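Bear in mind that the values here come from a model prediction, so they are computed numbers and not experimental data.
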Amino acid sequence: MAAALLLLLIPPVGLLAILAFLTRPHAARIPLKGRHVFITGGSSGIGLAMARAAAREGARVSILARNLARLEEARAAIQRDSGRDDGVSVGVHAADVRDASAVARALEEAGPVDVLVCNHGVFVSQELERQDMDEIRWMVDTNLMGTIHLVKAALPAMKARARETRLPGSIAIMSSQAGQVGIYGYAAYSASKFALRGLGEALQHEIIAHNIHVSLIFPPDTETPGLEKELKSRTELTNIIAGSSGGMKSDDVAKKALDGIKSAKFIVPCNFEGELLAAATAGLSPQSSPFMASIEVIGAGLLRFAALCFQWNWFSTIEKYHAKNKKSE
């Protein structure tokens with residue numbers, strides 16, 4: 001309480017000056033033109049949209065996914081869409097991110113990476129008690145362990161590349177708004193996505209001295225083939241709660257993600273609701289923007305109140321749903 005009162009006594013300019021001194025890592029710009037951008041899940045959805053956008057900016061793009069035929073289709077789409085006279089070269093690599101050896105081979109074939117985008121992800125909505133253990137392991141092994149496999153395989157060459165070029169590198173990790181707040185029916189999925197935040201925060205400490213920045217991207221429901229499949233099996237309560245949040249198109253998420261990567265943002269929200277979630281869940285996360293830090297500091301109490309309102313609404317929805325079902329039994 002005393003700290004909050006003290007903040008009120010500091011003029012806005014003084015607060016910004018203090019936060020400019022405190023915010024870390026320092027702000028940076030990460031160029032894409034002429035650099036190697038490696039994107040997993042690059043054969044469709046957000047990954048393909050990011051690959052197309054990066055190629056248009058002059059990046060050398062490599063994409064990784066499991067299905068070689070779909071990768072070849074994606075390569076052709078990226079080349080058609082690049083708008084470049086020099087002809088764009090797109091590397092394709094078929095591998096399952098759960099296989100550490102296959103991931104290491106793909107990255108060795110691709111060559112040193114400047115910007116690594118861990119965009120892969122799988123999800124199935126189901127109450128934890130009812131969810132099959134193989135399904136849970138599949139999500140954790142893909143979403144969490146797959147990201148760890150990629151980072152471990154890419155880092156040595158990324159460090160050498162950053163030293164050689166004297167340009168900052170980036171490791172971007174695609175999380176989800178379900179990696180910021182738990183939602184009914186997403187217990188296992190949220191666990192795998194929340195874990196990415198811990199990975200990203202610790203990893204940023206470990207690699208900032210090598211001029212490599214971490215970006216955690218938190219999209220909402222996005223119009224992708226994966227979402228179409230998930231919606232068919234999503235629980236009714238999950239639909240009611242998660243369905244109240246607006247969805248986005250892949251191209252829009254890709255633009256937000258690449259803008260965040262190029263600005264070396266640690267937390268990259270994708271819409272207004274995401275901006276609020278980012279501020280509300282900032283915690284001990286790195287922050288390079290004094291302006292965003294001021295919003296987090298000043299708005300913390302109000303955002304906590306808003307969060308309690310959301311939780312009240314969700315729990316009320318759950319109570320009404322179960323009460324209604326009990327009456328119909």
Side-chain angles (χ1 to χ4, degrees), residues 40-41 46 97-98 116-152 171-207 213-222 224 226-227 230 234-235 237-238 241-242 244-245 248 253 256-257 260 265-271 273-287 296 300 303-304 306-308 310-311 314-315 318:
T40 65
I46 298 170
V97 295
R98 294 175 295 174
L116 174 66
V117 182
C118 303
N119 167 70
H120 58 277
V122 293
F123 51 102
V124 178
S125 168
Q126 184 61 272
E127 293 92 343
L128 186 66
E129 182 184 4
R130 299 181 181 184
Q131 198 150 41
D132 185 81
M133 279 304 302
D134 287 339
E135 209 165 55
I136 294 170
R137 289 192 186 95
W138 175 58
M139 284 190 278
V140 173
D141 286 347
T142 302
N143 300 346
L144 175 58
M145 294 309 300
T147 301
I148 291 173
H149 293 159
L150 281 153
V151 172
K152 281 183 67 67
I171 294 177
I173 299 172
M174 189 67 67
S175 184
S176 163
Q177 286 186 356
Q180 293 171 293
V181 58
I183 300 292
Y184 186 100
Y186 279 177
Y189 176 66
S190 283
S192 72
K193 290 295 188 175
F194 265 79
L196 293 176
R197 182 160 190 157
L199 170 64
E201 289 187 2
L203 182 64
Q204 183 64 97
H205 287 176
E206 294 177 9
I207 63 177
H213 295 258
V214 174
S215 290
L216 283 173
I217 304 157
F218 293 98
D221 279 352
T222 305
T224 64
L227 179 64
E230 192 256 347
R234 197 185 247 181
T235 69
L237 254 177
T238 306
I241 294 172
S244 62
S245 174
M248 292 183 70
V253 171
K256 290 285 187 180
K265 286 184 179 179
F266 182 78
I267 298 294
V268 182
C270 295
N271 58 9
E273 184 181 74
E275 296 278 3
L276 293 178
L277 264 175
T281 62
L284 293 175
S285 291
Q287 177 56 267
E296 292 165 1
L303 286 168
R304 178 55 182 156
L308 290 171
F310 275 105
Q311 288 290 348
W314 292 337
F315 278 105
I318 293 166

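- Asn119 is not listed as a side-chain neighbour of Ile217, based on a closest heavy-atom distance of 4.5 Å or more.
- Rounded to the nearest 0.5 angstrom, Lys265 NZ and Leu216 CG are separated by 13.5 Å.
- Judged purely by atom type and a 3.5 angstrom limit, Thr238 uses its side chain to pair as donor or acceptor with the backbone of Tyr184.
- A donor-acceptor contact shorter than 3.5 Å links the side chain of Thr40 to the backbone of His120.
- Not a single donor-acceptor pair under 3.5 Å links the side chain of Thr281 to the backbone N or O of Ala279.
- Interatomic distance, Cys118 SG to Leu150 CG, rounded to the nearest 0.5 Å: 4.5 Å.
- Judged by distance alone, the side chain of Gln131 and the main-chain N or O of Val124 form a donor-acceptor pair under 3.5 Å.
- Nearest heavy-atom pair, Ser192 versus Asn143, reported as atom, atom and distance to 0.1 Å: OG-ND2, 3.0 Å.
- Side-chain contact between Ile183 and Tyr189: absent, with no pair of heavy atoms (C-beta onward) separated by less than 4.5 Å.
- Atom OG1 of Thr147 sits about 10.5 Å away from atom CE of Met174, to the nearest 0.5 Å.
- Of all heavy-atom pairs spanning Gly260 and Ser215, the tightest one is O-OG, 3.9 Å.
- Within the 4.5 Å cutoff, side-chain heavy atoms of Ser285 are placed close to those of Arg197.
- In this structure Phe266 satisfies the ring pair (Phe, Tyr, Trp, His ring centres under 6.0 Å) test with no other residue, sequence neighbours excluded.
- Formation of a donor-acceptor pair under 3.5 Å by the Thr142 side chain with backbone atoms of Gly121 is not found in this model.
- Taken from CG in Leu203 to NE2 in His205, the straight-line distance is 10.5 Å, to the nearest 0.5 Å.
- At a threshold of 4.5 Å between non-hydrogen side-chain atoms, the residues Leu277 and Phe218 do not count as touching.
- Considering only heavy atoms from C-beta on, Val214 stays 4.5 Å or farther from Leu199 through its side chain.
- Using a 3.5 Å distance cut-off with no hydrogens or angles, the side chains of Gln126 and Glu135 do not pair a donor with an acceptor.
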